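Just so you know, these numbers come straight off a predicted model, no measurement behind them.
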Protein chains: 2
Amino acid sequence: MTVKARHGIPAMKVGSADCRSCPVRKLGLMGPLATSSTEAIQACVDVLHFRAHARIYSEDTAGSHLYSVRSGIVKLEQDTPSGRTRILRLAMPGDTLGLELMTGFRYKHTAQALRATEVCRIPAVLVRELRESSAALRESLQIHMQRTVDAAEFQIAQFCTGNAQSRIARLLLHLAPEDRTDGRRWIMREDMAALLGVTLETVSRTISDMKRQGMLEECGHAFKFRRGDLERIAGS
Amino acid sequence: MTVKARHGIPAMKVGSADCRSCPVRKLGLMGPLATSSTEAIQACVDVLHFRAHARIYSEDTAGSHLYSVRSGIVKLEQDTPSGRTRILRLAMPGDTLGLELMTGFRYKHTAQALRATEVCRIPAVLVRELRESSAALRESLQIHMQRTVDAAEFQIAQFCTGNAQSRIARLLLHLAPEDRTDGRRWIMREDMAALLGVTLETVSRTISDMKRQGMLEECGHAFKFRRGDLERIAGS
DNA sequence: CGCCAGGTTGAATGATGTCAAGAGGAGTGG
DNA sequence: CCACTCCTCTTGACATCATTCAACCTGGCG
């Protein structure tokens with residue numbers, strides 16, 4: 001079992017894919033496929049449910065499935081030369097994991113759910129086959145590759161630049177469409193730290209400071225703030 | 001003209017592409033195309049020569065060409081929220097610039113030659129057309145997209161992690177196939193700093209330290225070192 | 001109730017940023 | 001050929017920020 005002992009059962013199969021009810025069908029990799037072919041696809045695509053901290057796949061292992069995120073957040077991490085693990089980027093609903101299998105055979109990251117997460121598990125061979133016959137899928141693949149590039153570059157520009165306060169502000173803005181983060185998109189301090197390239201303590205301290213300055217509140221697992229406040233800090 | 005005044009003529013057309021003599025043909029985007037179609041392609045592909053610091057294209061402008069690097073190094077940078085400019089990654093011979101035009105119409109970075117650089121300028125419409133007819137090109141596109149992702153993630157894992165000395169050691173190792181950097185791949189301190197996410201002064205100080213410790217020499221525009229020394233520092 | 005994972009805080013230390021001054025080299029024009 | 005300027009790199013002194021190591025708090029859960 002490739003999961004840290006402390007985190008129990010890694011995955012639970014919920015059932016076969018039901019694309020019609022998919023919350024992110026339009027965004028997902030297979031979204032553009034015609035409804036006629038959808039039926040055949042559903043047969044070999046499973047929906048899996050992962051608990052927080054469960055591992056979806058491991059760096060440098062042979063892989064045979066892509067994953068499409070339906071809900072939740074997934075972190076993609078690598079072991080750095082220095083022994084720590086570094087989060088390279090986050091995958092949100094609609095994003096595709098494991099696209100590197102289109103040009104290789106091993107996963108390049110460890111993928112781990114940040115919180116309860118649902119994914120569609122898609123056989124790589126299926127995608128390779130459909131790629132030959134469907135121009136729509138080819139376009140979708142290209143779009144999703146580009147989205148991967150964008151996410152990685154976003155990480156560099158937003159989360160590897162500026163001081164800790166700026167980075168945290170940018171992360172909160174990124175996670176929150178409005179003036180509060182969704183409680184279901186909770187990220188704990190340790191993961192924030194690995195994502196922003198600072199220590200856990202610095203994250204904790206900085207968030208505490210921001211609370212004391214009155215620009216941030218934390219209710220349960222949700223942050224509340226005025227976007228303007230954080231945007232001012234983010235750009236400095 | 002989109003080039004800083006101080007850096008004179010931005011580009012010089014060397015001539016039409018001569019793929020047979022291309023130093024990186026196997027690696028390049030168009031490499032896998034059959035020789036028969038190569039002739040037709042060469043007609044609309046130009047080879048351009050850029051001087052050090054010349055701008056190849058600018059962030060957020062409409063684009064109609066991809067570029068394939070033949071020799072030299074190109075930096076891809078973006079303006080950060082904080083006003084500085086941050087280098088997102090380097091493009092080396094064989095790499096392709098402007099792949100974002102396959103799914104959009106604007107360049108997402110500013111591309112600037114780090115030193116004297118030769119590129120092939122390929123019309124985006126040509127690539128879009130060939131993509132329909134040639135499975136080989138489609139595969140090449142996918143490989144080059146993946147290579148872009150790899151480069152961005154390399155940047156995060158290697159150049160945004162650890163202290164200044166580790167980052168510099170990793171950069172030198174990355175630039176040097178052997179135990180010395182190629183004088184023709186010179187990168188000045190300012191660019192190193194923007195690439196590693198530290199200040200110019202920190203780069204200068206750290207390199208001076210490493211020289212004093214005897215693990216680094218600088219002859220003209222080349223660094224000399226023993227890989228073992230730097231590898232020990234890089235992994236810490 | 002007691003344990004433990006997650007979070008907070010303090011004090012000391014180390015690393016990096018900032019501002020400022022100056023050295024050396026390459027190119028230019030007189 | 002020299003004096004000049006500009007660019008790049010170096011170095012110092014100091015302020016600021018982040019890390020480290022440690023202690024402690026808290027709420028959930030067996």
(request) May I ask you to verify if any side-chain N or O of Thr199(B) is less than 4.0 angstrom from the OP1 or OP2 atom of dT16(C)? (result) no

(request) Give the rounded distance in Å between these two atoms: CZ of Arg205(B) and P of dG22(C). (result) 16 Å

(message) Would you call the rings of Phe159(B) and His174(B) parallel, tilted or perpendicular, taking 30° and 60° as the class edges?
(response) perpendicular

(message) Let's see if you can work this out: which of dG6(C), dT9(C), dA15(C) has an atom nearest to the side-chain heavy atoms of Asn163(B)?
(response) dA15(C)

(message) Taking the minimum atom-to-atom distance to the side chain of Ala164(A), which one of dT16(C), dA18(D), dT8(C) wins?
(response) dA18(D)

(request) Could you check how far CG of Leu216(B) sits from P of dT10(D), rounded to whole Å? (result) 11 Å

(request) Ignoring the backbone of Ser208(B), work out which of dT11(D), dA22(D), dT16(C) is nearest its side chain. (result) dT11(D)

(request) Please state whether the phosphate of dA18(D), meaning OP1 or OP2, lies under 4.0 angstrom from any side-chain nitrogen or oxygen of Thr202(A). (result) no

(request) Hey, can you tell me if Tyr57(B) and Tyr107(B) have their rings parallel, tilted or perpendicular (30° and 60° cut-offs)? (result) parallel

(request) Report the nucleotide, chosen from dT8(C), dG6(C), dT19(D), that has the shortest atom-to-atom distance to any side-chain atom of Ser204(A). (result) dT8(C)

(request) Could you pick out which residue, Leu200(A) or Gly197(B), lies toward the 5' side of DNA chain C when each is mapped onto its nearest nucleotide? (result) Leu200(A)

(message) Within the structure provided, determine whether Glu153(B) and Leu76(A) are in side-chain contact (heavy-atom separation under 4.5 Å).
(response) no

(request) Please report, rounded to the nearest Å, how far the P atom of dT16(C) is from the CD1 atom of Ile168(B). (result) 9 Å

(request) May I ask you to decide if the ring planes of Tyr67(B) and Phe50(B) are parallel, tilted or perpendicular, using 30° and 60° as cut-offs? (result) perpendicular

